[in-house]
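Remember, predicted model here, so these are calculated numbers, not experimental data. Any value given below was found using the heavy atoms of this structure, including those in side chains, with hydrogens, waters and symmetry copies removed.
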Amino acid sequence: MVSRIAGCRHGKSETHPRLAVLGLVIIAGWQIASCELSNLELHEEIRDLAGQTGAYIGLNPFNTDEDFRNAIIRAAKRHEIQLEPEQVTVERTGTPPKQIIYLAADYKARVALPGWSFTLHFHPSSAK
């Protein structure tokens, strides 16, 4: 049986595979976009942490390397990203108050699709 919809002419047997493929593309796109958005949010938080605005204006003491690691791990957890301390890099150049702080995280996120999965690698940092 041939159906006619909005000027298109195709068999019903062609519709089901197309819908299945479209569904897989939507699922994959959603999962990848979700990972990318979480990474972008973590990247912004890492940049904010490296700025240490409160310390430069005298409201807070300067953070230790351990403080930075813990703060990045907590921020990652809020975005459903699992990080271990060895996945977080803290580097300092100079001395306070003119110290430059570089922060980074290195992690992978798994995207699981029906019958297939792959890994995305992310490296958010405080670098511009």
Side-chain angles (χ1 to χ4, degrees):
M1 174 170 198
V2 176
S3 64
R4 186 165 179 89
I5 300 173
C8 296
R9 200 180 144 117
H10 55 85
K12 284 186 178 182
S13 62
E14 294 175 12
T15 304
H16 296 298
R18 288 181 183 175
L19 287 175
V21 169
L22 178 62
L24 286 175
V25 168
I26 290 171
I27 290 170
W30 183 267
Q31 288 188 27
I32 292 168
S34 174
C35 290
E36 292 286 347
L37 182 59
S38 292
N39 180 63
L40 181 63
E41 291 171 342
L42 180 60
H43 173 79
E44 291 301 317
E45 288 196 49
I46 288 173
R47 289 186 64 193
D48 289 345
L49 283 168
Q52 286 209 60
T53 307
Y56 285 113
I57 61 174
L59 293 176
N60 301 324
F62 284 93
N63 290 340
T64 65
D65 290 2
E66 191 66 25
D67 292 338
F68 280 124
R69 276 190 189 85
N70 291 335
I72 291 171
I73 290 170
R74 281 192 308 273
K77 190 176 283 190
R78 283 193 300 272
H79 301 294
E80 299 179 9
I81 299 168
Q82 181 67 36
L83 285 180
E84 299 297 325
E86 55 272 3
Q87 292 174 282
V88 178
T89 302
V90 179
E91 295 175 359
R92 296 170 185 264
T93 306
T95 57
K98 294 184 180 187
Q99 190 172 54
I100 297 171
I101 298 167
Y102 172 78
L103 302 174
D106 189 53
Y107 69 96
K108 295 177 181 176
R110 186 165 200 76
V111 176
L113 302 173
W116 184 53
S117 65
F118 58 95
T119 303
L120 298 173
H121 182 248
F122 294 103
H123 190 75
S125 74
S126 59
K128 292 185 178 184

Inset, instruction - Would you check if the side chain of Ser38 reaches a backbone N or O of Ser34 as a donor-acceptor pair within less than 3.5 Å? - result: yes

Inset, instruction - Look at the side-chain heavy atoms of Ile, Leu, Val, Met, Phe, Trp and Tyr, link any pair under 4.5 Å apart, and say whether Ile32 and Leu40 land in one connected group. - result: no

Inset, instruction - Determine the minimum heavy-atom distance between Val88 and Arg69, stating which atoms define it. - result: O-NE, 3.6 Å

Legend entry - Greater than 12 external heavy atoms within 6.0 Å of Glu80's CD: no

Inset, instruction - Decide yes or no for Asn70 and Arg74: does some side-chain heavy atom of the first lie under 4.5 Å from some side-chain heavy atom of the second? - result: yes

Inset, instruction - Check Arg92 against Asp65 and note the closest heavy-atom contact, atom names and distance. - result: NE-OD1, 2.6 Å

Legend entry - Chi angles and distances behind the side-chain contact (heavy atoms from CB on, under 4.5 Å) call for Ile81, Lys77: CA-CA 5 Å; Ile81 299 168; Lys77 190 176 283 190; over 6 Å; no

Inset, instruction - Check the hydrophobic clustering (I, L, V, M, F, W, Y; side-chain heavy atoms under 4.5 Å; chains of links allowed) and say if Val21 and Trp116 are grouped together. - result: no

Inset, instruction - Could you tell me whether the side chain of Phe118 reaches within less than 4.5 Å of the side chain of Arg110, counting heavy atoms only? - result: no

Inset, instruction - With rounding to the nearest 0.5 Å, note down the distance linking CD1 in Ile72 to CG in Leu42. - result: 7.5 Å

Legend entry - Short side-chain to backbone donor-acceptor contact, Gln31 and Ala28, under 3.5 Å: no

Inset, instruction - Mind checking side chain to side chain contact (heavy atoms under 4.5 Å, CB included) for Leu37 and listing every partner two or more places apart, or none if nothing turns up? - result: Glu41

Legend entry - Separation between OG of Ser125 and CD of Glu91, rounded to the nearest 0.5 Å: 10.0 Å

Legend entry - Reported NE2-to-CD distance for the pair His43 and Glu36, which is rounded to 0.5 angstrom: 12.0 Å

Inset, instruction - Supply the atom-to-atom distance Thr89 OG1 to Ile46 CD1, rounded to the nearest 0.5 angstrom. - result: 9.5 Å

Enumerate donor-acceptor pairs with a distance under 3.5 Å from any side-chain N or O in residues 102-109 to protein atoms, sequence neighbours excluded.
{"from": "Asp106", "atom 1": "OD1", "to": "His121", "atom 2": "NE2", "distance (Å)": "2.7"}
{"from": "Asp106", "atom 1": "OD1", "to": "His123", "atom 2": "ND1", "distance (Å)": "3.2"}
{"from": "Tyr107", "atom 1": "OH", "to": "Asn39", "atom 2": "OD1", "distance (Å)": "3.1"}

Legend entry - Ile73 vs Pro85 side-chain heavy atoms within contact, under 4.5 Å: yes

Legend entry - Contact check, side chains of Ser126 and Ile101, non-hydrogen atoms, under 4.5 Å: no

Legend entry - Any donor-acceptor N/O pair, Asp67 side chain to Thr64 backbone, under 3.5 Å: yes

